[in-house]
**Q** 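Quick one: the structure is below, and I'll ask about it shortly.
All values reported here derive from a predicted model rather than from experimental measurement. Numbers for residues simply follow the sequence, beginning at 1.
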Amino acid sequence: MMQAIRALERAIDRFEQDVDGLSSAASYDPSSGVDAAAARSALRSLDSLITELKGQNGG
């Protein structure tokens, strides 16, 4: 279970970097369709889920 949680954390870190890059690009190209606020909200939700899973797993 902890390996899965660590894998999720790594994936979220990469996704956060992607969102930051896309957000920067979107500021130059408003037609890009990137909803940075929604992406960040999704990331916060995933972070909360991971925290909850760590609590249930004792880690």
**Q** Counting N and O atoms only, with roles assigned by atom type, does the side chain of Thr51 sit under 3.5 Å from a partner on the main chain of Asp47, one being a donor and the other an acceptor?
**A**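 At least one qualifying donor-acceptor pair exists.
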**Q** Does the distance from a Lys or Arg side-chain N to an Asp or Glu carboxylate O, for Glu16 and Arg44, drop under 4.0 Å?
**A**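 Answer for the salt bridge query: no.
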**Q** Can you tell me how far the CD1 atom of Ile12 sits from the CG atom of Leu49, to the nearest 0.5 Å?
**A**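 The distance works out to 8.0 Å.
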**Q** For the residue pair Leu46 and Leu8, establish whether any side-chain heavy-atom pair is separated by less than 4.5 Å.
**A**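 SC-SC contact between Leu46 and Leu8 ruled out.
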**Q** Begin from the C-alpha positions of Arg14 and Glu9 and carry the test salt bridge (charged side-chain N to carboxylate O under 4.0 Å, His left out) through to its verdict.
**A** CA-CA 9 Å; Arg14 287 190 304 269; Glu9 287 176 322; over 6 Å; no
